[in-house]
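Read through the structure below, which is laid out as structure tokens, and then see the notes.
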Amino acid sequence: MKRWYYILYPMRAYVVTSSHGGKIGAMTAAWVMPTSIDPPMLVVAIAPRRYTYTLIRMSGEFAVNVFEYKYMREVYYLGSVSGWDEPKKVEKSGLHLKPGRSVGAPVFEEAHAVAECKVENIVPAGDHDLVVGRVVDYYYKPPLGEGRPDVSRFKALIHVGGSHFTTTIGESRSARSG
Ligand SMILES: Cc1cc2nc3c(=O)[nH]c(=O)nc-3n(C[C@H](O)[C@H](O)[C@H](O)COP(=O)(O)O)c2cc1C
């Protein structure tokens, strides 16, 4: 039963950022989906033990950062080290933060798109909580936009499982290898 959820894979991988009292959290999250078009809302399933979860709870704000496949190692790093153990996690990821436009949560310069959210609700759902966010601002770099993305130009970052990722051309290799 332990890994039953892999029947739902592969899944896109994103990075959730938050900040409170000068502390910054950034964690990889694959369990992300829209829940409402209007009002714009999405949900992220986050385990309460995550450092980023604590900052989201305290600030009531977070951002979902969309990355391309070429950032798989950085995104994998943010998903395998905790801010509870590594205070310099973001610096060590090699990625760069900038202030959010409409929320206190920072966002990544390297992100291809960002959804800035205010927490609408947090719903217990087993060993993860559903963190429901209202999207108060969003922005993107082409070819992402408000229509279908041109997947010949946008290489989505897709989590296959463990340290493996693939993209829209179907390649899969380990973030741990050379
Ligand atoms: C590809 C990938 C996807 C992940 N998806 C989730 C997720 O959806 N929800 C979650 O709670 N943790 C997820 N994790 C685990 C967290 O990112 C990981 O525990 C991270 O170290 C938490 O960081 P923090 O404690 O600094 O917040 C994922 C990890 C990886 C590598």
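Values below: every heavy atom of this structure, side chains too, minus hydrogens, waters and symmetry copies. For ligands, and for the atoms within them, numbers begin at 1 and follow the listed sequence.
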Task: By salt bridge (charged side-chain N to carboxylate O under 4.0 Å, His left out) - contacts of E74 (at least two apart) - done: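 E74: no salt bridge (charged side-chain N to carboxylate O under 4.0 Å, His left out) contacts found.
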Open item on the list: Whether the E86 and Y51 side chains hold a donor-acceptor pair (N or O, under 3.5 Å, no angle test) is what I'd like checked.
Closed with: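 Side chains of E86 and Y51: no pair found under 3.5 Å.
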Do any nitrogen or oxygen atoms of [X] come within less than 3.5 Å of a nitrogen or oxygen of ligand 1?
| X | value |
| --- | --- |
| R50 | yes |
| T28 | yes |
| A26 | no |
| I46 | no |

Does [X] approach ligand 1 within less than 4.0 angstrom via side chain, backbone, both or neither, non-hydrogen atoms only?
| X | answer |
| --- | --- |
| V32 | neither |
| K89 | side chain |
| S163 | neither |

Open item on the list: Would A45 count as a contact residue for ligand 1, given that I'm defining contact as a non-hydrogen atom of the residue lying under 4.0 Å from a ligand atom?
Closed with: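 It does; at least one heavy atom falls under 4.0 Å.
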TODO: For G83, take its heavy atoms, then give the atoms of ligand 1 lying under 4.0 Å from any of them.
DONE: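 Within the 4.0 Å cut-off of G83, ligand 1 contributes 24 (P), 25 (O), 26 (O).
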- [ ] Can you figure out which of M27, H159, H164 has its heavy atom closest to atom 1 (C) of ligand 1?
- [x]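 Nearest heavy atom to atom 1 (C) of ligand 1 lies in H159.
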- [ ] For atom 20 (C) of ligand 1, state which one of D127, L78, V15 supplies the nearest heavy atom.
- [x]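 That would be L78.
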